[in-house]
**Q** 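Sending over a structure as C-alpha cells; questions will come in a sec.
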There are 2 protein chains.
Amino acid sequence: MKPLVTITDVARAAAVSVQTVSRALNNKGEISPTTRDRIVAIAEQLGYRRNAIARGLVTNRSMTLGLLVPDIANPFFPDIARGIEDRALANGYNVFLCNTVEDPNREAAVLALLEEKRVDGIILCSARLTDDRLLPLLRRHRAVVLVNHPAPPEVAASVRVDDAAGTQQAVRHLHATQRTPIAFLAGPAHAHSSQQRTVAYRQTLAELGMALDPTLLRQCAPDAEGGYQAARALLAGTTPVPALLCYNDLVAVGALQACREAGLRVPDDVAIIGCDDIALARLITPALTTLRVDKSAIGAAAFGLLLARIEGDGTDAEVVFTPELVLRASAP
Amino acid sequence: MKPLVTITDVARAAAVSVQTVSRALNNKGEISPTTRDRIVAIAEQLGYRRNAIARGLVTNRSMTLGLLVPDIANPFFPDIARGIEDRALANGYNVFLCNTVEDPNREAAVLALLEEKRVDGIILCSARLTDDRLLPLLRRHRAVVLVNHPAPPEVAASVRVDDAAGTQQAVRHLHATQRTPIAFLAGPAHAHSSQQRTVAYRQTLAELGMALDPTLLRQCAPDAEGGYQAARALLAGTTPVPALLCYNDLVAVGALQACREAGLRVPDDVAIIGCDDIALARLITPALTTLRVDKSAIGAAAFGLLLARIEGDGTDAEVVFTPELVLRASAP
DNA sequence: TTGAAAGCGGTACCAG
DNA sequence: CTGGTACCGCTTTCAA
C-alpha cells in the first residue's frame with residue numbers, strides 16, 4: 001500500500017496553503033491563473049489524485065449512484081445501464097451496478113449497503129420487493145428513480161413502459177392474423193409489469209370477444225429457462241396453442257426451443273411474440289416478432305430524472321415510453 | 001436532503017461516548033454485552049446507518065472494488081461479474097461495474113476515476129489499453145487482477161484462459177472432420193486473447209500441414225455485428241469457406257446470420273465454432289459448437305486473487321482455466 | 001469497561 | 001488573491 005500524495009504534500013511542494021491548492025485543483029474561487037497553473041503542474045508531477053472519500057465527507061456528495069437490476073444477464077438491462085452510465089460519467093458520476101439476481105432479499109441488502117456508501121441517488125429497475133418493504137428503504141435515499149414500477153412522487157420519480165398499450169398491440173395482432181386462442185407466459189408474479197400486462201391481456205381478450213382460458217395464462221421466471229419450462233408445460237396439454245405471447249425476449253427464446261422440441265413449426269404451428277427487442281431477437285431463426293422499447297432512451301431518461309431530483313428540482317415525476325410492435329418471422 | 005443520524009446522535013441518545021457506540025456497532029474492543037445491546041437497539045430505533053465515507057477516510061479502506069469489462073452486453077461478462085459480485089457481497093464489498101464499451105480511452109478514464117474513489121482493488125477484464133498506457137495506471141492501484149491479460153506479478157495477478165489449447169482443440173476438430181481450409185474471425189487486434197489465438201491458429205495449421213491463407217484470417221469487432229460484417233466480407237470471396245472459427249459466440253451468431261443470408265447451410269456447407277459457451281449458444285438453431293469456460297469460476301478466482309492481494313499475501317499470481325470443446329450442431 | 005482527544009484529507013468560511 | 005481555522009463522521013491511541 002503505497003503512500004499516496006495528499007493535498008498537503010502538494011501545498012508544501014508549491015509553498016502555498018492547502019486551500020490555494022484546493023482552489024487551483026477545482027478551478028473555482030478567486031485565484032491567479034499563474035499560481036493555478038503552477039500548482040496544477042506540481043500536482044501532476046507529484047502524481048496527485050484527489051481523494052473522493054475525503055471530499056465526499058465534507059461536501060456530503062459522493063458523486064456516486066446506485067443502479068439495481070434484477071438480472072444483468074438479460075440483455076435488456078445492460079442496454080439500460082449503458083444509457084445511464086454514459087450520461088453519468090459525462091456528469092462526473094460513477095455507478096454501482098448491482099445485480100439483485102431476482103432475489104428480493106438481495107435487493108433489500110443492496111439498498112442498505114448503498115445507503116451506507118452514501119450514494120447520491122439510486123435507479124431501481126423492475127423492483128422485486130413488495131411495496132411495504134420497498135418504500136421504507138427507498139425513503140431513506142436522497143433521490144430515487146424507479147424503472148418499470150410506480151411510486152408516490154415524493155418517494156421516487158419513475159420511468160415506465162406502457163405495458164397495457166404494448167400488450168394490446170400484440171394481442172390484437174395475433175387476433176387479426178387468426179392465431180387464437182392466445183397463450184401468455186406472464187413472467188414473475190411479483191413484477192409490476194407482469195401484473196399490468198396480465199390485466200391488459202385479459203381486457204383485450206374481452207374486448208375482442210375471446211374467452212379467457214386460465215390454463216393458457218402462466219407465470220414463469222423471466223429468462224430463457226423459465227420460458228422453456230412454461231412452454232413445455234403448456235404444450236403438454238391437449239389443446240393446441242397457435243399463439244404464444246411472452247413476457248420478454250428471453251422467455252420467447254426458451255419457448256421457441258420448447259416448440260421446436262415438440263415438433264411444432266414457428267410460425268406455421270405456433271406464432272411467438274416477445275418483448276423488449278434485445279439485439280438477439282433479430283439474430284435468431286426465426287427472427288422474433290417483439291415489442292420494441294428504446295432501452296438507451298429509458299436509461300437516459302432515468303438519469304435525467306435522477307439528476308433533477310439530486311439537484312433539488314424534482315418536478316417531472318414520470319416519463320412513459322410506448323412500445324412498438326416489430327413484425328418479424330416468428331409472428332408475421 | 002434529510003438530516004441523517006450520526007454516531008454522535010446515537011451516543012447522545014444512549015448517554016455514552018461516541019467511541020462506545022463505535023465499539024458496540026462494530027462489536028469489537030472491550031464492551032459489556034449489556035451496553036452493547038442497549039446501544040444497538042437505540043441505533044436501530046433512531047434509524048442509524050453507518051457512514052462508509054467517514055469510516056473509509058480513517059480506515060483507508062473503502063470496501064469497494066472496481067470491475068471493468070469491455071462490453072457488458074456480451075453475456076460472457078455478466079457471468080463473470082456475477083461470480084465476482086456474489087463473492088464480493090459475501091465479503092462486505094461493493095462493486096463498481098464499469099462498461100468500457102471497447103474504448104481504450106474510456107478504460108483509462110475509468111481507471112483514474114476509480115483511483116479517486118479509492119477502491120481497494122480492481123479487476124480488469126480483457127484490457128484494451130496497450131501496456132505502455134495500462135501499466136502506469138495499474139501501478140497506482142493498491143491491488144489489481146487482470147482477466148485475460150498478462151502482467152508482471154508485482155503489478156497484477158491474472159486469471160486467464162488457455163487460448164492456445166482452446167484454439168488447438170477447435171482447429172484439430174475441424175481438420176479431423178474434413179472441413180478445410182479453416183477461416184478465423186480473430187476479434188479485435190488489441191485484445192491479448194486475439195493475439196494468442198492467432199498465434200495458436202497459425203501454429204496448429206502448420207502442425208497439421210495446412211497452408212495459411214491470409215485472406216481467411218480476419219479481425220473483427222467482438223460482437224454479433226462484427227461477426228456478421230467479417231463473415232460477409234469473407235463469403236464475398238471466390239474460395240468456398242467450409243469452416244469458420246470465431247473469436248467468441250456473439251461473433252459466431254453474426255457469422256451464422258451472414259452464412260444464412262448467403263444461402264449456405266450450417267453445418268452442411270459451413271461449420272462454425274464459437275467461444276465462451278454463453279447461454280445463448282445452445283438456444284439458437286443450429287446450436288453452437290463452442291469452447292466452454294466456467295465463467296462463474298473465473299469470476300470467483302479473480303475475486304480470490306484480489307482479496308489475497310488486498311490483504312497483503314499476493315502469493316498466487318496466476319490461475320489458468322482450460323477451455324473444453326462442446327460439440328453441437330453447428331460443427332458436429 | 002469506558003471516555004477524551006487527535007486526526008484521516010479535504011472544503012468552507014472568514015480574515016488579511 | 002491568499003491563508004488560518006473549523007469541521008465533515010468516524011476510528012484509533014492512550015488514559016482513566
Side-chain angles (χ1 to χ4, degrees), chain A residues 1-40 42-43 46-64 92 115-120 140 142, chain B residues 1-40 42-43 46-64 92 115-120 140 142:
Chain A
M1 184 145 55
K2 46 214 96 157
L4 289 179
V5 182
T6 74
I7 198 173
T8 316
D9 300 325
V10 177
R12 194 160 26 225
V16 294
S17 69
V18 290
Q19 310 66 327
T20 305
V21 177
S22 176
R23 279 187 280 251
L25 262 22
N26 296 310
N27 199 20
K28 65 186 267 199
E30 312 294 306
I31 187 170
S32 81
T34 331
T35 46
R36 191 196 53 212
D37 294 348
R38 192 171 62 87
I39 292 171
V40 168
I42 290 175
L46 257 43
Y48 172 79
R49 186 105 352 137
R50 60 186 175 199
N51 185 332
I53 301 270
R55 153 185 270 224
L57 183 58
V58 45
T59 58
N60 203 21
R61 290 283 237 96
S62 62
M63 296 308 283
T64 297
E115 195 189 333
E116 289 193 3
K117 287 282 169 37
R118 295 296 190 268
V119 293
D120 295 332
R140 302 185 56 99
R142 294 220 276 257
Chain B
M1 183 142 59
K2 44 212 98 154
L4 288 178
V5 182
T6 74
I7 199 174
T8 315
D9 299 325
V10 177
R12 194 158 28 227
V16 294
S17 69
V18 290
Q19 310 69 320
T20 305
V21 175
S22 174
R23 278 188 280 254
L25 261 23
N26 296 310
N27 199 21
K28 65 186 270 198
E30 311 294 307
I31 188 171
S32 80
T34 331
T35 45
R36 190 196 52 214
D37 293 349
R38 190 171 63 87
I39 291 172
V40 168
I42 291 176
L46 257 44
Y48 172 78
R49 186 106 350 136
R50 61 186 174 196
N51 184 331
I53 300 270
R55 155 184 269 225
L57 184 58
V58 44
T59 60
N60 202 23
R61 291 279 238 98
S62 61
M63 296 309 284
T64 297
E115 197 189 333
E116 289 193 3
K117 287 283 174 24
R118 294 297 190 268
V119 293
D120 295 332
R140 303 184 55 98
R142 294 220 276 257

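Quick note on labels: first sequence line is chain A, next is B, and so on, each numbered from 1.
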**Q** Write down the distance between CG (Asp37(A)) and P (dC1(D)), rounded to a whole number of angstrom.
**A**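 Rounded to whole Å, this separation is 13 Å.
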**Q** Whole-Å distance between dG10(C) C1' and Asn60(A) CG?
**A**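 To the nearest whole Å, that distance equals 14 Å.
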**Q** Rounded to the Å, how far apart are Asn27(B) CG and dT1(C) P?
**A**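 Nearest whole value for this atom pair: 13 Å.
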**Q** Below 4.0 angstrom from OP1 or OP2 of dT2(D), is there any side-chain N or O of Thr35(A)?
**A**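 It does, given that an N or O in the side chain of Thr35(A) lies less than 4.0 Å from OP1 or OP2 of dT2(D).
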**Q** Looking at side-chain heavy atoms only, is the closest gap between Asn26(A) and Arg55(A) below 4.5 Å?
**A**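 Side chain of Asn26(A) against side chain of Arg55(A), heavy atoms only: contact under 4.5 Å found.
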**Q** Produce a footprint string for nucleotides 9-16 of chain D: one letter per nucleotide, 5' end first; B if the base is under 4.0 Å from any protein heavy atom, S if only the sugar-phosphate is, - if neither.
**A** BBSB----
**Q** Contact between Asp120(B) and Thr64(B) at the side-chain level, heavy atoms closer than 4.5 Å - yes or no?
**A**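 Side chain of Asp120(B) against side chain of Thr64(B), heavy atoms only: no contact under 4.5 Å found.
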**Q** To the nearest Å, how far apart are Ile53(B) CD1 and dT11(C) P?
**A**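 Rounded to the whole Å, the gap is 14 Å.
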**Q** Taking all atoms of both residues into account, what is the closest heavy-atom pair of Val40(A) and Ala24(A), and its distance?
**A**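 Taking every non-hydrogen atom into account, CG2-O, 4.0 Å.
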**Q** Can you check the Leu25(A) CG to dG10(C) P distance for me, whole Å?
**A**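 Leu25(A) atom CG is separated from dG10(C) atom P by 9 Å.
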**Q** For Arg38(B) and Val16(B), work out which heavy atoms get closest and say how close.
**A**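 Taking every non-hydrogen atom into account, NH2-CG1, 3.7 Å.
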**Q** Evaluate the side-chain proximity of Thr6(A) to Asn51(A): yes if any heavy-atom separation is below 4.5 Å, no if none is.
**A**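 No - every pair of side-chain heavy atoms lies 4.5 Å or more apart.
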**Q** Check the distance between dA12(C)'s P and Arg61(A)'s CZ and give it to me in whole angstrom.
**A**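 These atoms are roughly 12 Å apart.
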**Q** Quick one, Val5(B) and Arg49(B) - any side-chain contact, counting heavy atoms below 4.5 Å?
**A**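 Val5(B) vs Arg49(B): side chains apart.
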